[in-house]
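Counting starts at 1 for both ligands and their atoms, in listed order. The residues of the chain are indexed from 1 along the displayed sequence.
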Amino acid sequence: MITVRTIAELRAAVAAHRRTGGRVGFVPTMGYFHEGHLTLMRRARERCGFTVVSLFVNPTQFNDARDLEAYPRDEARDAGLARDAGVDVLFVPGVEEMYPPGALTSVEVAGITAPLEGRSRGASHFRGVATVVTKLFNIVQPDVAFFGQKDAQQSLMIRRMVVDLDLPLAVEVVPTVREPDGLAMSSRNVRLDRDARPRALGLSRALFAIERAVADGDRDTERLLQVGRDALGSCGIAAADIEYLAAVDADTLEHVPRIEAPTLVAVAARVGGVRLIDNLVVAP
Ligand code: AMP
């Protein structure tokens, strides 16, 4: 594995591989790797052989300067994990490399970016993600890019953007990787202290409680969301710390009054000062 920091070096490494006729898989990340990231990398390796991973904590998608500041970083550790996962090129650009002064262009996906994370984090969040991912796609020019279901709305937005802008690549979405107790893996989990870690289980417990209630025959969204709020509460997550708990159409992200088709149940909450998200697609 090589680590490169400039767009020119990245392009040269990919071009050298392209000359051999090989495919290119790409996994964009913000680093502090966990088993979720490593699963995406291994999948890219299986599907494409040659694998490029970007590690860039993208400032334009953070609506909260303290959240950006507190985002965990450890490039040396990440490089070791990526190498062990079979990654060929680790792209670690600086902020100046990705955003030289004078840029005036951004990418915005309408509609599906408005609810859930869009409402909680503001319109600039997904604009920041769409813009940086478009730039990374143009830099790497992969055959397949890999994203996690953990960020369901982001993955949906990227799929839409790739279709709408005729970007010449396939998008593969990989199921959420969880800790044995159900907590969705996240780089932010390292910031959970001993008191917050058990409470963080509230998110996945709420989702699984809703899934069970649907399996038991309940279809009424309002009643099902109350089941979820009760589970969050019994894990010690106060109502004021829940940013949203919603059941929406898995394609349009519009509210559904009843769960009659595959439905995305998504939750965001603050636990011990850490913002966590999780989701589950629930089908009757
Ligand atoms: P991040 O570094 O958090 O921006 O995540 C990079 C990629 O890894 C995104 O496509 C995420 O959706 C994906 N990802 C993050 N956590 C998980 C997880 N627990 N399971 C599967 N994919 C994940």
Side-chain angles (χ1 to χ4, degrees), residues 25-47 51-64 67-68 70-75 77-79 81-82 85 87 90-93 98 109 113 116-117 121 125-137 140 142 144-162 169-192 197 200-201 203-204 207-208 264 266-268 271 274-281:
F26 176 45
V27 182
T29 81
M30 300 204 298
Y32 215 80
F33 297 151
H34 50 68
E35 202 50 40
H37 295 114
L38 301 177
T39 301
L40 266 60
M41 294 174 202
R42 291 189 207 106
R43 181 67 62 88
R45 185 157 181 78
E46 276 162 36
R47 292 274 195 276
T51 301
V52 179
V53 172
S54 61
L55 194 178
F56 181 59
V57 183
N58 176 34
T60 67
Q61 73 190 67
F62 283 82
N63 54 318
D64 177 351
D67 191 27
L68 172 62
Y71 203 84
R73 299 161 211 242
D74 188 343
E75 185 189 321
R77 170 184 171 279
D78 283 349
L81 291 169
V87 170
L90 185 63
F91 178 45
V92 192
M98 290 302 287
V109 180
T113 56
L116 310 177
E117 290 295 282
R121 302 186 69 176
H125 168 65
F126 280 124
R127 195 186 312 126
V129 175
T131 303
V132 81
V133 170
T134 302
K135 285 167 66 70
L136 290 166
F137 284 171
V140 177
V144 190
F146 297 83
F147 291 85
Q149 175 65 21
K150 160 84 182 352
D151 298 276
Q153 190 177 12
Q154 169 176 289
S155 294
L156 190 68
M157 177 191 78
I158 303 287
R159 278 194 192 283
R160 186 74 252 164
M161 183 180 95
V162 164
L169 63 116
V171 172
E172 192 170 323
V173 178
V174 176
T176 302
V177 178
R178 298 179 179 281
E179 299 287 354
D181 63 5
L183 178 69
M185 292 200 181
S186 166
S187 305
R188 290 190 158 95
N189 291 352
V190 293
R191 292 173 48 211
L192 295 166
R197 176 63 180 77
L201 268 187
L203 283 82
S204 56
L207 298 173
F208 291 127
L264 179 73
V267 59
V271 184
V274 185
R275 185 176 189 280
L276 299 177
I277 61 170
D278 198 355
N279 70 83
L280 210 58
V281 176

TODO: Answer whether the closest heavy-atom distance between the side chains of Ile277 and Glu117 falls below 4.5 Å.
DONE: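 Of all side-chain heavy-atom pairs linking Glu117 with Ile277, at least one is under 4.5 Å.
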Open item on the list: Would Arg191 pass as a cation-pi partner of Tyr71, given that its NZ or CZ must be under 6.0 Å from the six-membered ring centre and within 45 degrees of the axis?
Closed with: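 No; the conditions do not both hold, so Arg191 does not lie above the ring face of Tyr71.
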- [ ] Would you check ligand 1 and list the protein residues that come within less than 4.0 Å of it by any heavy atom, ordered by chain and number?
- [x]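 Close residues (ligand 1, cut-off 4.0 Å): Pro28, Thr29, Met30, Gly31, His34, Gly36, His37, Leu40, Tyr71, Phe147, Gly148, Lys150, Asp151, Pro175, Thr176, Val177, Met185.
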TODO: With sequence neighbours excluded, tell me which residues meet ring pair (Phe, Tyr, Trp, His ring centres under 6.0 Å) with Phe137.
DONE: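 So Phe137 forms no ring pair (Phe, Tyr, Trp, His ring centres under 6.0 Å) with any residue.
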- [ ] Could I get the full list of ring pair (Phe, Tyr, Trp, His ring centres under 6.0 Å) partners for Phe33, not counting sequence neighbours?
- [x]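 Phe33 satisfies ring pair (Phe, Tyr, Trp, His ring centres under 6.0 Å) with His37 only.
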- [ ] Can you sort out the partners of Arg188 under side-chain hydrogen bond (donor to acceptor under 3.5 Å, both in side chains), two or more places apart, ordered by chain and number?
- [x] Asp67
Task: Straight-line distance of Ile158 CD1 to Gln153 CD, nearest 0.5 Å - done: 11.0 Å
